[in-house]
Structures are given as structure tokens and as C-alpha cells.
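Here's the structure, in C-alpha cells; my notes come after.
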Amino acid sequence: MPTITLPDRSTRRFDGPVTGAEIAASIGAGLARAAIGIRVNGVLCDLGEVIETDADVAIVTQPRPGQSPSDDALYLLRHSCAHVMAEAIQRLHPDVQLVYGPPVEQGFYYDMRLPEGQTLSSDDFPKIEAEMARIVAEDRPFTRVSLPAAAGLDRLRADGSRYKIDNAERAIAAGSTELSWYATGTPGKDWDDLCRGPHLPSTGRIGAFRVMSLASSYWHGDADSDRLTRVYGTAFFDAAALDAHLERLEEAKRRDHRVIGRQLGLFHIDEMVGQGLILWTPAGAIVRQELQNFIAAELQRQGYSQVFTPHIGKLELYRTSGHFPYYRESQFTPIVEADALAMLAREGCSCGELSNRLADGTVDGFLLKPMNCPHHIRIFASRPHSYRDLPVRLAEFGTVYRWEQSGELGGMLRVRGFTQDDAHLFCTEEQVPRELEGCLELVRIILDTLHLTDIRVRVGLRDPDSSKYVGDPAEWDKAEAACRQAAESLGAPFTEEPGEAAFYGPKIDFVVRDAVGREWQLGTVQVDYNLPRRFDLSYIGPDNQPHRPVMIHRAPFGSMERFCAVLIEHFAGAFPLWLAPEQVRVLPISDRSEAWAKHCLAALAAAGVRATGDFSSDRIQARVRDAAEARIPCLFVVGPRDEEAGTVSIRARGIQRDLGARPLEEAVRAIGEEIRTRGSRTLLATCFSEVAVGAGAAAPGKA
RNA sequence: GCCACCGUAGCUCAGGGGUAGAGCACACCCUUGGUAAGGGUGAGGUCACGGGUUCAAAUCCCGUUGGUGGCUCCA
């Protein structure tokens with residue numbers, strides 16, 4: 001006699017064992033039609049799951065057209081579609097051995113082992129999709145069959161799939177007492193697959209799908225194990241949702257910072273210079289410099305001190321900090337002095353031995369700095385400090401070098417040399433909360449100014465069951481409370497993630513979602529008890545005794561490279577006026593207006609505006625188009641009429657028409673105002689208040 | 001790092017065992033045009049680099065280098 005409690009806390013009693021489908025039907029016919037699965041006491045199950053005892057049950061439904069699906073609904077859909085794809089591939093290639101096929105964020109994949117000599121290619125996708133369409137059209141039920149573990153293993157051994165046997169053995173080792181199969185249709189007659197489930201009620205619920213790409217992978221992710229073929233696909237409840245997804249992917253491609261970076265000449269990565277090493281070209285350098293100027297002004301306001309430190313330091317420094325040899329794999333190889341190297345060579349020292357001697361300190365050398373903190377710490381330690389000096393805030397756009405695996409590198413998002421907008425705050429225990437708030441204030445200003453509104457904050461706390469953390473638990477409690485409070489002060493959604501703290505202290509990370517929905521970790525604020533101890537830092541307190549300062553590491557942008565990559569994609573290359581490499585372009589209608597155009601350019605230059613003139617012999621239509629493709633925020637089109645009246649005809653990016661003429665001085669003043677206020681008082685608002693604004697920043701490829 | 005795919009003009013790409021093609025960009029000429037491509041002419045490539053096979057290699061093979069995607073979320 002199970003009593004079922006629904007999410008609204010209402011209850012229903014049933015006379016005997018009841019399935020999810022029956023519960024849904026008891027509530028309403030519409031719900032029964034929409035139901036595709038259930039959650040029983042928090043566990044996602046098939047709609048046909050039989051419930052025999054009292055339970056909390058939530059019905060998982062497929063979304064109405066236009067409604068966005070729940071995570072559970074997508075999970076069921078995509079997991080089921082992975083089966084359909086596997087069945088389709090096995091129909092076409094019967095010798096394929098299946099390995100593992102889970103849903104993932106954007107769809108699903110299936111790993112499989114192809115017989116020696118056989119390959120899949122994207123040419124096979126239409127055939128696979130045609131088979132899948134047939135299976136979906138047949139609307140066959142997903143039918144679960146369970147066997148006790150031993151019997152299940154016997155069956156698998158008879159089938160002879162070593163991968164599935166391994167999967168089952170792992171499941172049993174993890175505590176499973178039975179093994180389950182899902183048949184698409186009738187067990188024993190139709191195709192089936194060892195699978196934990198759950199699944200949709202039937203294949204017909206899969207509204208729209210697409211085989212996306214091929215990749216290779218390893219069994220268990222182990223490079224020494226079998227190489228597998230991974231087929232990626234995606235699925236949605238209806239064709240419109242699939243189309244929207246594909247359109248988003250297209251949009252992402254158009255916004256890719258590597259594509260726009262080349263088009264607009266923002267940066268270059270050169271084979272001869274090296275992988276993952278960014279060359280900032282003149283236009284990109286302007287964007288970066290403007291960002292740095294922006295943040296430097298805020299740092300000055302907040303009482304930071306600017307410092308400069310070199311790109312290398314002695315290994316001993318990093319032994320003290322703990323970066324070497326602990327993080328050796330993610331660093332460039334140390335630099336050994338020529339004399340020392342020559343001596344070691346004479347002694348016949350092997351590379352392995354050299355490596356050991358560098359690690360144990362019997363040979364010294366230099367390291368390209370993987371972090372800025374040791375240098376800043378030595379600045380702090382270079383003179384005694386009173387509690388009255390604190391907090392000491394040392395800031396530097398510091399370039400660091402890290403050895404990323406070649407396969408991980410990508411554009412400016414993952415690189416081997418990057419510049420952090422770094423700072424280290426040395427303060428007393430009591431000052432930590434106030435300093436954290438200051439850091440978060442900075443982050444808020446940056447994100448607001450750049451309209452990066454969709455931000456998520458992660459507060460990394462210690463795992464209470466672990467002993468890997470340094471520092472006094474009472475200090476941790478205070479620091480964690482301060483982080484939580486600071487995160488709250490930001491007014492953005494935040495999650496607390498136990499176990500995600502660094503071993504030396506809790507941290508606050510900022511994750512932004514770009515225009516196409518991808519998440520990127522940018523800035524970070526971290527409390528550190530470890531390094532002050534390792535470097536034996538101290539200040540003299542009011543009691544005339546030495547005390548240990550607490551350090552805060554913070555980099556609101558994270559790295560200039562990654563941040564600019566995200567910004568390029570966020571704005572689709574259409575930077576706001578204050579950041580744009582070229583802010584205004586002056587276009588004379590014909591060479592008869594060249595003199596007036598040059599006069600306008602001089603006025604813009606005098607006001608500190610980055611402006612150029614296009615004096616080419618193309619027609620004005622062509623030059624307007626060129627300027628639009630170059631994402632120039634503002635165009636002055638000037639002809640004889642303007643010259644006579646002392647005006648410029650203004651066209652702003654994102655608004656595809658002539659806005660009208662304004663006196664040159666007024667236009668230049670308004671542009672200067674927009675630049676100075678970093679967009680809070682725009683040219684449009686000042687000169688063309690009747691024009692609907694807001695179209696400027698986010699319109700990719702149009703102006 | 002490992003695996004798959006890829007590298008042809010500045011860019012986007014076609015072609016493919018008998019030494020090279022388009023569009024855009026570039027240069028020059030004509031056009032003097034009021035808001036997203038006016039017309040013509042021309043220049044531009046050791047087909048990523050190195051080696052091999054071959055009468056002959058950009059094309060086939062091997063190596064290197066660089067790029068792109070991927071490298072478990074218990075069946």
C-alpha cells in the first residue's frame with residue numbers, strides 16, 4: 001500500500017505496487033502523455049519503474065513546444081538516443097563492439113571498438129542517421145531486463161564483449177547485485193545493450209537528432225589502453241530546438257576569437273615563435289592597453305601600489321614557495337647557468353641526474369616564473385612592516401609561463417605564456433573580510449563596465465574530512481565566512497563548493513558565460529596562509545611582537561589573454577567605443593571633400609580619439625561596407641553639404657542608416673564623453689536621443 | 001603528451017603522379033560617387049618543412065612542425 005508524495009507535498013495512496021506511468025495517469029491524461037520518466041526519492045528512473053513502498057516521486061515530462069526541457073528530460077532523451085545510434089551503427093557495421101555511451105552536456109556520445117582496418121568517417125553520418133530515423137519511426141519501447149549479477153556475467157561472457165564484461169565487473173565491484181539490459185523493443189528479438197538506464201518509454205519520443213562528429217578516445221581514458229572510436233551526437237525533443245542548437249554552434253563559429261582575431265588583426269600566434277605564445281598585434285594591443293589603463297585607475301583608487309618584477313627567478317625562490325619541484329610538469333624546464341652546465345657536462349652528468357640535482361638543490365638555476373607571488377613576497381619582505389602599514393597591496397600585470405600539454409592549447413584561451421592582472425595583498429587576520437570585499441568590488445566594476453552580466457561565482461571551501469589543508473581550522477572558518485560574505489556582496493548567484501579550496505586557503509572564482517553559452521573561468525580571489533609561513537613573513541603588531549600576515553592573491557581578469565579572448569567572443573569583435581582599436585572612421589563622399597575630412601580627423605586627433613580616414617577611390621557604399629566589416633563603432637560621412645554647414649553625418653555601428661548631421665565640435669565632444677565615461681554616456685544618447693539605443697555592442701558582423 | 005583529421009596565394013577554399021586554380025584582399029588605370037561590394041588591368045605560390053619511392057612528387061610513403069577536435073560524467 002505505497003503512499004506517494006509528490007513535489008507539492010500532496011500524497012496519493014495506491015492499493016499495491018504502482019508504476020510511474022500509473023501515477024502520472026492518476027493525476028491527469030495530459031501528464032500521462034507528457035511523462036517520460038520519474039524521480040523516486042531523488043533517483044531518476046524509468047517511467048515503468050515499479051514502486052512498492054512509500055516514496056517521494058516527481059514526474060519527468062517532455063517539454064511543451066517552445067518550453068525548455070528539464071535536465072532530467074534531456075538526460076533521458078540523449079541517453080536513449082545514444083542507444084538508437086549504437087543500434088544503427090551496429091546494423092551497418094555488425095562487428096563493432098560497443099563500449100560506453102553516456103549523455104553529455106551538448107548531447108551524447110558512444111565509444112566503440114571498430115574491427116581492425118575499419119574506420120568510420122563523416123561520410124557515414126547520413127547512413128547512420130537514416131537507420132536511426134527508421135528506429136525512431138518504429139516507436140519501439142525501451143524494455144528493461146534484469147539478471148542477477150552472476151547470471152548476467154554469464155550472458156555477457158557468452159556474447160563475448162570484453163568491454164561490456166569489464167563494465168559489468170566494475171558495476172559489481174561498485175556494489176551492484178544485478179545487471180540490466182535495455183532492448184529497443186522486445187527482449188530477445190530486438191537489439192539490446194547492457195545499460196544501467198534509465199530511458200525514455202519508447203524510441204518515438206526522440207523528436208530530432210543529429211550525428212555530430214567523430215573523435216578517438218581511450219578505453220578508461222588510459223592512453224596505454226585500447227584506442228576507441230567515439231561518435232558524438234545530439235538530440236532534442238523537436239526539430240526547432242535542434243535547429244536552434246545548430247544555429248548556436250554556427251554563431252559560436254562566427255564569434256570564435258581566433259577567426260575574429262585574424263579578421264581584425266588583434267593577435268597572432270606564430271609557428272616560429274612557438275605554440276601557445278601570443279603576439280599582440282597593434283589593434284589588439286590597444287584593446288589590452290585600454291583594459292589595463294581601466295583597471296590601473298581603479299587600483300589607484302583602492303590604494304594599490306604598482307610594482308614591476310622580472311620574468312625569471314632563482315630556483316631556490318620556487319623551492320621556498322613550493323612551486324618547484326612540486327609543479328614541475330606544468331613548468332618550462334629550468335635554465336641552468338652556462339658555467340654550471342659546462343662543469344656538469346665535463347663530469348658526464350646525465351639528464352636524469354641533472355633533473356634530480358635541480359630538484360634537490362645541489363645544482364641551482366633559474367625558472368621562468370609560473371606565478372608572480374614569490375617576487376611580490378620578496379618585495380614585501382625587503383623591509384620591516386608595522387601593523388600600521390597594512391594592508392600592503394602590490395599589483396603588477398605580471399607575465400607567467402606554464403607548460404600546458406600541446407593538445408590542450410587553443411587560441412588565446414589556453415596558452416603557455418600569459419599576463420595576469422595580478423596583485424597580492426598582505427594584511428592582518430582582521431583585515432581579510434574588508435580586503436576581500438575590495439577585491440569583489442573591483443570585479444563588479446569590471447563586469448558591469450563590460451556588460452558581462454551573466455556571471456557565476458564559485459566559493460571553494462575546504463573538505464571537512466580531509467587533512468590536506470594547511471592552517472588553523474579556526475582561521476579557515478573565519479576566512480571561509482569572509483569569502484561567503486564577500487561573494488554575497490557581489491549580488492551575483494554563487495555556489496559553495498566544499499573540497500574545491502586550494503590547500504592553502506579558500507577561494508572565490510568567477511565564471512562567465514559568453515554569448516553562446518560556454519562557461520569560462522576568469523578571475524580568482526584566494527586567501528593564503530601557506531606562503532607567508534613558508535617565507536616566514538611577519539609584521540610588528542601593536543603588542544610590539546611579530547605576527548604572521550595573511551596573503552590574498554587576486555586577479556579579477558585572470559589573464560589578459562583569456563579575458564580578451566572572452567571579450568572578443570562576447571562582443572563578436574564589436575568592441576565598445578572606448579575599447580575599439582579604431583574608434584571613428586572619416587569617409588569623404590568624394591575627393592572634393594578631402595580637405596574637410598582631414599579637418600575632421602585633426603579635430604578627432606586633438607580630442608585624443610583614435611580615428612582614420614578612408615581616402616580610397618571606392619564608392620561610398622563600398623567604404624561604408626568596409627568600415628562595417630571592420631566593426632568601426634562610428635563613421636563620419638562627410639560631403640559638400642557637411643563642409644558648407646560645418647557638420648559631419650554620423651553612422652553608428654549597429655544602426656544601418658545615416659543618423660543625421662551634427663556640428664563637428666558637438667560630435668567630437670560627444671565621442672570624447674563616451675570614451676571618458678567608458679560607455680555610460682554614449683554618443684547616441686547625447687546627440688541622437690530619439691534613436692533607440694542598445695543595438696551597438698552585440699550585433700555581430702553588422703553595423 | 002596520446003589519437004583522429006587537416007596544412008595549396010595575405011584570407012576563404014577548389015584541384016590533384018606529367019612542375020597551379022577561383023573569389024576576396026593588394027597594386028595601377030578608369031569612375032567624383034550622400035551611407036553594406038562600380039568597371040578594367042596586373043602582381044602574387046619550392047602546394048608547411050625534411051627525407052624516401054618513381055623517368056617524373058604539390059599529389060604516394062616515412063619523419064618533423066603547426067592547426068582543429070577529442071582524451072569516462074559507473075554498464
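So that the names make sense, note that chain A is the first sequence line, chain B the second, and so on, each numbered from 1. Please read all numbers here as calculations on a predicted model, not as lab measurements.
Within the 4.0 angstrom heavy-atom criterion, base atoms lie near A:Ala171. When heavy atoms are screened at a 4.0 angstrom cut-off, A:Ser617 is found touching base atoms of the nucleic acid. Among the heavy atoms of the strands lying under 4.0 Å from A:Ile620 are primed sugar atoms or P, OP1, OP2 only; no base atom is included. Residue A:Asp111 is out of contact with every strand shown, counting any heavy-atom pair closer than 4.0 Å. At a threshold of 4.0 angstrom between heavy atoms, the contacts of A:Gln621 are confined to the sugar-phosphate backbone, with no base atom among them. Within the 4.0 angstrom heavy-atom criterion, no nucleotide atom of any strand lies near A:Tyr163. Heavy atoms of A:Arg262 sit under 4.0 angstrom from primed sugar atoms or phosphate atoms, though from no base atom. A:Leu228 comes within contact range of no nucleotide atom at all, as no heavy-atom separation falls under 4.0 Å. A:Gly411 comes within contact range of the sugar-phosphate backbone alone, with a heavy-atom separation under 4.0 Å but no base atom that close.
In this structure B:A22 sits in a base pair with B:U12, meeting the Watson-Crick or G-U test at under 3.5 Å. Judged by Watson-Crick or G-U wobble contacts below 3.5 Å, the nucleotide B:A4 has B:U68 as its partner. Taking a pair to require two hydrogen-bonding distances under 3.5 Å in either a Watson-Crick or a G-U wobble arrangement, B:U35 remains unpaired. With a 3.5 Å ceiling on both atom-pair distances, B:A57 lacks any Watson-Crick or G-U wobble partner. Remark: B:A43 base-pairs with no nucleotide in the shown strands. Criterion, Watson-Crick or G-U wobble with two distances under 3.5 Å. When Watson-Crick and G-U wobble pairs are counted only if both distances are under 3.5 Å, B:G17 pairs with no nucleotide at all.
Between the CD1 atom of A:Ile269 and the C1' atom of B:U68 there is a distance of 12 Å, given to the nearest Å. One interatomic measurement links the two molecules: CD of A:Glu594 to C1' of B:G34, which rounds to 17 Å at whole-angstrom precision. Counting to the nearest Å, the C1' atom of B:U68 and the CD atom of A:Glu408 are 14 Å from each other. The distance from atom CZ of A:Arg414 to atom C1' of B:C71 is 13 Å, rounded to the nearest whole Å. For the pair A:Arg196 CZ and B:C73 P, the interatomic distance rounds to 13 Å; values are reported in whole Å. Whole-Å rounding puts the A:Leu409 CG to B:G67 C1' distance at 11 Å. Counting to the nearest Å, the P atom of B:G10 and the CD atom of A:Gln263 are 18 Å from each other. The nearest whole Å value for the distance from the OH atom in A:Tyr109 to the C1' atom in B:C74 is 11 Å.
Of the side-chain N and O atoms in A:Arg230, one or more sit less than 4.0 angstrom from OP1 or OP2 of B:C71. Checking the phosphate oxygens (OP1, OP2) of B:G66, a side-chain nitrogen or oxygen of A:Gln275 falls inside 4.0 Å. Of the side-chain N and O atoms in A:Arg258, one or more sit less than 4.0 angstrom from OP1 or OP2 of B:U68. The phosphate of B:C71 has neither OP1 nor OP2 within less than 4.0 Å of any side-chain N or O from A:Tyr100. In terms of phosphate contacts, A:Arg170 brings no side-chain nitrogen or oxygen within less than 4.0 Å of OP1 or OP2 of B:C74. Phosphate contact (OP1/OP2 of B:C30, side-chain N/O of A:Arg619, threshold under 4.0 Å): absent.
Summarising the local packing, CG of A:Asp71 is surrounded by 12 or fewer heavy atoms from other residues, nucleotides or ligands at distances under 6.0 Å.
Between the side chain of A:Asp618 and the base of B:G38, no donor-acceptor pair under 3.5 Å is found. Interface remark: the A:Ser213 side chain does not form any donor-acceptor pair with the B:G69 base, using a distance-only criterion of under 3.5 Å.
Between A:Val637 and A:Asp642, the closest heavy-atom pair is O-OD2, 3.4 Å. Here the closest non-hydrogen pair linking A:Cys195 and A:His83 is SG-NE2, 3.3 Å. Heavy-atom minimum distance, A:Arg458 versus A:Glu497: CD-OE2, 3.2 Å.
The P atoms of B:A43 and B:C28 are separated by 15 Å, rounded to the nearest whole Å. Distance check on atom P: B:A57 versus B:U53 gives 11 Å, rounded to whole Å. Here the separation of B:C13 from B:G17, taken at their P atoms, is 22 Å to the nearest Å. On the P atoms, B:U41 is 16 Å away from B:A25, given to the nearest whole Å. Spacing of C1' atoms, B:U65 relative to B:A20, comes out at 24 Å, to the nearest Å. Between B:G33 and B:G39, the distance separating the two C1' atoms is 13 Å to the nearest Å. Here, B:G15 and B:A58 have their C1' atoms 11 Å apart, quoted to the whole Å. B:A48 and B:G10 are spaced 16 Å apart, taking the C1' atom of each and rounding to whole Å.
Within the 3.5 Å criterion, the main-chain N or O of A:Trp181 finds no donor-acceptor partner in the side chain of A:Asp193.
Residues A:Ala622 and A:Asp626 both approach RNA chain B. Their nearest nucleotides, taken by heavy-atom distance, put A:Asp626 toward the 5′ side. Take the nearest nucleotide of RNA chain B for A:Leu635 and for A:Pro103: the residue whose nucleotide is more 5' is A:Leu635.
When the nucleotides B:G34, B:U32, B:A36 are ranked by their closest atom to the side chain of A:Ser590, B:U32 comes out on top.
Ring pair A:Tyr109/A:Tyr232 is tilted by interplanar angle, where 30° to 60° counts as tilted.
Looking at A:Arg651 and A:Asp658, their side chains never come closer than 4.5 Å, going by heavy atoms from C-beta outward.
Between A:Phe108 and A:His79, the ring center distance fails the sub-6.0 Å criterion. The ring of A:Phe267 has its center no closer than 6.0 angstrom to the ring center of A:Trp280.
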